[in-house]
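The structure appears right after this line, and notes come after that.
Start at 1 with the first residue, then count along the sequence.
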Amino acid sequence: MNIIQFTGAVELGLIYSLVAIGVYLSFRTLQFPDLTVDGSFPLGAAVAAALITSGVHPGFATLAAIFAGALSGAITAWLSTHLKMLNLLAGILTMTALYSINLRIMGRPNIALLGEKTLLTEWFGNSVPYIPLFIIALVFTVIIYGFLGTRLGLALRAIGSNPKMGRAQGIDDKKMICLGLSVSNSLVALAGALFAQVHGFADVSLGVGTIITGLAAVIIGEALLPTRTVFQAIVACIIGAIIYRLVISLALNIGDFGLQASDLNLVTATLVALAMLLPSLKSKLRSQATPSLQNESPSKV
């Protein structure tokens with residue numbers, strides 16, 4: 001893996017770190033398995049690309065993408081809380097509908113942004129993309145950490161941790177679920193908008209496997225780094241996303257394995273499976289290293 005491939009993997013990792021933080025909010029904080037992200041990621045790219053090519057300032061186009069992602073999360077929450085659908089089914093329905101909506105927004109399967117002004121070129125000039133992407137990831141890390149520390153954020157975490165106790169304390173669980181999924185999918189849509197602007201295109205199929213990427217980043221981060229505090233958990237999502245993209249890039253560029261670009265989904269599934277095994281392996285090794293007192297032979301008097 002050369003330096004170009006390395007920096008490209010880091011750039012993708014920083015973009016998908018926003019997806020990982022969004023998945024952390026829904027899966028870990030709210031305990032809500034939300035599959036909307038497979039639709040909100042290309043939604044953010046579609047909205048940003050369509051507006052930029054129409055002459056809208058990239059900053060406003062990115063804000064519109066964030067708002068569209070929040071709306072998609074709110075729809076999933078409404079289907080789940082008001083229509084009493086299963087969480088997975090609500091996310092699948094929204095994701096399926098967003099495919100057609102994204103086509104409507106773009107007017108065609110893909111839009112090229114080559115030669116167009118983007119958020120990165122407008123605000124950061126012609127610097128290498130991973131520097132502004134790192135700044136953006138850092139800013140949103142601070143924002144999400146600060147939000148989860150507020151009374152509203154604590155109420156959100158309480159509903160995810162113990163819904164019955166949260167309702168007993170007067171917290172409206174429906175509003176909290178709607179808020180959590182809206183924030184989660186707004187981050188995912190922002191990642192999609194940044195992806196389109198960095199790579200110069202938006203495509204209706206960009207969202208395939210986004211949820212797997214986000215879950216892999218969260219699981220890898222939790223397996224490799226301590227996550228005792230909220231800040232540590234968010235930082236672990238970012239580091240996990242970068243490590244995930246680096247491992248994917250390394251695996252696809254090792255000629256001895258005979259892998260090709262078309263094997264991306266196979267490599268992804270294998271990596272996620274290994275990442276999910278890490279916590280159990282760590283606990284097993286820890287238990288072997290520190291045997292319980294019950295297994296020790298009694299000392300002779």
Flag, side chain of Ser186 to backbone of Ala70, donor-acceptor distance under 3.5 Å: no
Thr150 side chain vs Phe147 backbone, donor-acceptor pair below 3.5 Å: yes
What I'd like to find out is whether the side chain of Ile248 reaches to under 4.5 Å of the side chain of Arg245, using heavy atoms alone. yes
CD1 (Ile101) and CG (Leu98) are apart, to the nearest 0.5 Å, by 5.0 Å
For a side chain to side chain contact (heavy atoms under 4.5 Å, CB included) check, start with the C-alpha distance between Leu225 and Gln232, then their side-chain angles and the critical distance, and finish with the verdict. CA-CA 8 Å; Leu225 298 173; Gln232 289 177 340; over 6 Å; no
Testing the basics here: between Gly39 and Met95, what is the closest heavy-atom pair and its distance to 0.1 Å? N-CG, 3.9 Å
Please step through ring pair (Phe, Tyr, Trp, His ring centres under 6.0 Å) for the pair Tyr145 and Phe140, ending with a clear verdict. CA-CA 8 Å; Tyr145 173 68; Phe140 277 90; over 10 Å; no
Heavy-atom closest pair, residues Ala158 and Ile171: CB-CD1, 4.1 Å
Does one hydrophobic cluster hold both Ile242 and Ile135, with members joined at side-chain heavy-atom distances below 4.5 Å? yes
Could you walk me through whether Leu224 and Ile243 pass side chain to side chain contact (heavy atoms under 4.5 Å, CB included), step by step? CA-CA 10 Å; Leu224 299 180; Ile243 292 175; 3.7 Å; yes
Is there a path from Leu30 to Leu83 through hydrophobic residues (I, L, V, M, F, W, Y) whose side chains come within less than 4.5 Å of each other? no
Enter the distance from Thr81:OG1 to Met176:CE here, rounded to the nearest 0.5 Å. 12.0 Å
Glu222 bridged to Arg28 by N-O distance under 4.0 Å: yes
Is any side-chain heavy atom of Asp38 closer than 4.5 Å to one of Tyr99? no
Is there a path from Ile239 to Ile219 through hydrophobic residues (I, L, V, M, F, W, Y) whose side chains come within less than 4.5 Å of each other? yes
Whether Ser184 side chain and Gly22 backbone form a donor-acceptor pair below 3.5 Å: yes
Does any part of the side chain of Leu43, heavy atoms only, come nearer than 4.5 Å to the side chain of Ile105, both counted from C-beta? yes
What verdict does the side chain to side chain contact (heavy atoms under 4.5 Å, CB included) test give for Thr213 and Tyr244, after you've listed the backbone C-alpha separation in whole Å, the side-chain angles of each residue and the deciding distance to 0.1 Å? CA-CA 8 Å; Thr213 301; Tyr244 169 78; 3.5 Å; yes
Ser72 versus Thr94, side-chain donor and acceptor atoms under 3.5 Å: no
Indicate, with yes or no, if Ile21 and Ile143 share a hydrophobic cluster defined by side-chain heavy-atom contacts under 4.5 Å among Ile, Leu, Val, Met, Phe, Trp and Tyr. yes
First locate atom OG of Ser161, then atom CG of Leu156, and finally report the distance between them rounded to the nearest 0.5 Å. 11.5 Å
Anything under 30° is parallel, anything over 60° is perpendicular, the rest tilted; go ahead and classify His82 against Trp78. parallel
Working to the nearest 0.5 Å, report the span between OG of Ser80 and CG of Leu93. 11.0 Å
Should the pair Phe195 and His199 be assigned to parallel (<30°), tilted (30 to 60°) or perpendicular (>60°) ring geometry? parallel
Heavy-atom closest contact (Ala68 atom, Val47 atom, distance): CB-CG2, 4.0 Å
Which heavy atom of Leu148 sits nearest a heavy atom of Arg157, and at what distance? O-NH1, 3.1 Å
Using the side chain to side chain contact (heavy atoms under 4.5 Å, CB included) rule, take Leu181 and Thr36 through it: C-alpha gap first, then chi angles, then the decisive distance, then the call. CA-CA 9 Å; Leu181 294 188; Thr36 313; over 6 Å; no
Just by distance, with hydrogens left out, do Gln197 and Thr62 show a side-chain donor and acceptor under 3.5 Å apart? yes
Look up atom CD1 in Ile238 and atom OG1 in Thr141, then write down how far apart they are to the nearest 0.5 Å. 3.0 Å
Val37 vs Phe41 side-chain heavy atoms within contact, under 4.5 Å: no
Could you pull out all residues at least two apart from Asp173 that satisfy salt bridge (charged side-chain N to carboxylate O under 4.0 Å, His left out)? Arg167
Determine whether Leu35 and Leu88 make a side-chain contact, defined as any pair of heavy atoms from C-beta on separated by less than 4.5 Å. yes
Quick one: do the Asn185 and Ser40 side chains pair a donor with an acceptor below 3.5 Å? yes
Can you tell me which residue among Asp34, Leu18, Ile211 is in a side chain to side chain contact (heavy atoms under 4.5 Å, CB included) with Val23? Ile211
Side-chain contact test, heavy atoms from C-beta onward, threshold under 4.5 Å: evaluate it for Leu187 versus Ile144 and give yes or no. yes
Does atom CZ (Phe201) have a neighbourhood of more than 12 heavy atoms from anything else shown, all under 6.0 Å? yes
Quick one: does any side-chain atom of Ser249 pair with a main-chain N or O of Leu246 as donor and acceptor, under 3.5 Å? no
Got a second to check how far Leu51's CG is from Ile111's CD1, nearest 0.5 Å? 9.0 Å
So, do Leu119 and Ile52 sit near enough that their side-chain heavy atoms are less than 4.5 Å apart? no
List the atom of Ala189, the atom of Ala65, and the distance in Å for their closest heavy-atom pair. CB-O, 3.3 Å
Specify the closest pair of heavy atoms between Asp203 and Pro42, including all atoms of both residues, with the distance to one decimal. O-CB, 4.0 Å
Counting distance only, does the side-chain N/O of Thr53 pair as donor-acceptor with the main-chain N or O of Ala49 below 3.5 Å? yes
Grouping I, L, V, M, F, W and Y whenever their side-chain heavy atoms are under 4.5 Å apart, do Leu79 and Ile159 come out in a common cluster? no
With a 4.5 Å heavy-atom cut-off, do Val10 and Phe134 have their side chains touching? no
